[in-house]
S.K.: 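Pasting in a structure now, in structure tokens, and then I'll have a few things to ask.
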Amino acid sequence: MELTYRPRRLRRTPALRSMVRENSLAASDFIYPLFVHEGNDIEQIVAMPGANRWTLDGLVEEVIRAWNLGIRCVVLFPKVDDALKTEAGEECFNENGLIPKAIRRLKKELPEMTIMTDVALDPYSIDGHDGIVSAEGIVLNDETIENLCKQAIVQAEAGADLIGPSDMMDGRVGAIRESLDDEGFENVGIISYTAKYSSAYYGPFREALDSAPRSLNEKPIPKDKSTYQMDPANAREAITEAQLDEQEGSDILMVKPGLAYLDIIYRLRQESELPIAAYNVSGEYSMIKAAAEKGWIDERSVVLETLLSFKRAGADLILTYHACDAAAWLKKVE
Ligand code: PBG
């Protein structure tokens, strides 16, 4: 055959392939999510093999391990005792609460590590919602934001570097930015969950924190989060959310979940010049883990291919429970 173009020419050797490779992964792309609890034992999370609820001591060790693998940012999630949960989730702004304590400890032991936090009421809400649920079963927007701002301040005071509002209340990015600035935290950044979809992929995470919406009394509690998280059918709306977050002062935009929403990452990449993060969520992690345990897929190859797909779609950063494994695998390749 007389072919002018033979794309296989550039695929012939590993060296040629590495020369024309368009995207790559580095440990510094990863943000490592970690669960922490008040208990004295490290507890395995059944639906997320390899992930744990860490004690404070265990957390410090794990974060040092991550640092040594090249990971430069962790995000912390608290498993809060039921006794501390209330309708308005006031525990979220207790300066001696689990998260401020964990941040202070980590900043003392490893000050260089970037600490990201999650801002939302669900781990602290007796109803399992990210906002305050009214007697009529409505998730209240503006009332919730007051508590989210207090939560962000307490986290910043403890030493957080990046505040991550995951609640999807309207106007919270601007309100948090203003509160941080008023309190003198103008250098604390915001990584907003910009396009966060109402997704079934969060199931294992809610098990990890025991934070799923639930009804304990006669108050009608919405069964899902679809009045504030986005409809999985919508793409244009993600651009509106991104424009709002950008105007309100977000430093980094996030898309969540990741794998089923690569088109959203791509669209935001076209629309914004801000850094973009993808959240490779708990359900995505569990699916790979389960198939790998059964021997149906090769975990290492599938994880690295999946993480690379986020970069190809346009993400700069990836929140992933595979962070340490992937960083270790990347080290071996070099
Ligand atoms: C809570 C929050 C959730 C996740 C991160 N922050 C769950 C939810 O919105 O119900 C999910 C993370 C994951 O599934 O890995 N605001």
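Start at 1 and go down the list; that is how both ligands and their atoms are numbered.
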S.K.: Considering only heavy atoms from C-beta outward, does the side chain of Ile221 approach that of Asp127 to under 4.5 Å?
M.R.: yes
S.K.: Heavy-atom contacts with Tyr321 under 4.0 Å: which atoms of ligand 1 show up? List them by number with element.
M.R.: 12 (C), 13 (C), 15 (O)
S.K.: Can you list the atoms of ligand 1 that are under 4.0 Å from a heavy atom of Arg206?
M.R.: 8 (C), 10 (O)
S.K.: Suppose clustering is done on Ile, Leu, Val, Met, Phe, Trp and Tyr with side-chain heavy atoms closer than 4.5 Å. Which residues sit in the same group as Leu244?
M.R.: none
S.K.: Which residue and atom name correspond to the protein heavy atom nearest atom 16 (N) of ligand 1, and how close is it?
M.R.: Ser166 OG, 2.7 Å
S.K.: Under 4.0 Å from a heavy atom of Lys256: give me the atoms of ligand 1 that qualify, with their elements.
M.R.: 2 (C), 3 (C), 4 (C), 5 (C), 6 (N), 11 (C), 12 (C)
S.K.: Can you tell which of Tyr228, Tyr197, Phe205 gets a heavy atom nearest to atom 7 (C) of ligand 1?
M.R.: Phe205
S.K.: Can a cation-pi geometry be assigned to Lys196 and Tyr202, taking NZ or CZ under 6.0 Å from the six-membered ring centre and within 45° of the ring axis?
M.R.: yes
S.K.: Answer yes when Glu109 and Arg105 have at least one side-chain N-carboxylate O distance shorter than 4.0 Å, and no when they do not.
M.R.: yes
S.K.: What atoms of ligand 1 come closer than 4.0 angstrom to any heavy atom of Ala120?
M.R.: 16 (N)
S.K.: Of all the atoms in ligand 1, which lie at a distance below 4.0 Å from a heavy atom belonging to Asp130?
M.R.: 1 (C), 16 (N)
S.K.: Atoms of ligand 1 less than 4.0 Å from Lys196 heavy atoms?
M.R.: 1 (C), 2 (C), 3 (C), 6 (N), 8 (C), 9 (O), 16 (N)
S.K.: For the backbone of Tyr124 and the side chain of Glu91, can you confirm whether one donor and one acceptor N or O come within less than 3.5 Å of each other?
M.R.: no
S.K.: Out of curiosity, is Tyr279 lining ligand 1, as in a heavy atom under 4.0 Å away?
M.R.: yes
S.K.: Would Lys107 and Asp161 count as a side-chain contact (heavy atoms from CB on, under 4.5 Å) here? Give the steps.
M.R.: CA-CA 10 Å; Lys107 277 291 165 190; Asp161 301 286; 2.8 Å; yes
S.K.: How far is atom 14 (O) of ligand 1 from the closest protein heavy atom, and which atom is that?
M.R.: Ser282 OG, 2.7 Å
S.K.: Show the atoms of ligand 1 that are less than 4.0 angstrom away from any heavy atom in Asp122.
M.R.: 1 (C), 2 (C), 16 (N)
S.K.: Could you walk me through whether Arg177 and Asp182 satisfy the salt bridge (Lys or Arg N to Asp or Glu O under 4.0 Å) test, starting with their C-alpha distance in whole Å, then the side-chain angles of each, then the deciding distance to 0.1 Å, before giving a yes or no?
M.R.: CA-CA 9 Å; Arg177 183 68 272 157; Asp182 285 350; over 6 Å; no
S.K.: Given side chains that start at C-beta, do those of Val36 and Lys79 come closer than 4.5 Å, heavy atoms only?
M.R.: no
S.K.: If you measure from each non-hydrogen atom of Asp167 to ligand 1, which part falls under 4.0 Å: side chain, backbone, both or neither?
M.R.: neither
S.K.: Angle between ring planes, Phe205 versus Phe77, binned at 30° and 60°: parallel, tilted or perpendicular?
M.R.: perpendicular
S.K.: Identify, by atom number and element, the atoms of ligand 1 in contact range of Lys225, meaning under 4.0 Å from any of its heavy atoms.
M.R.: 8 (C), 9 (O), 10 (O)
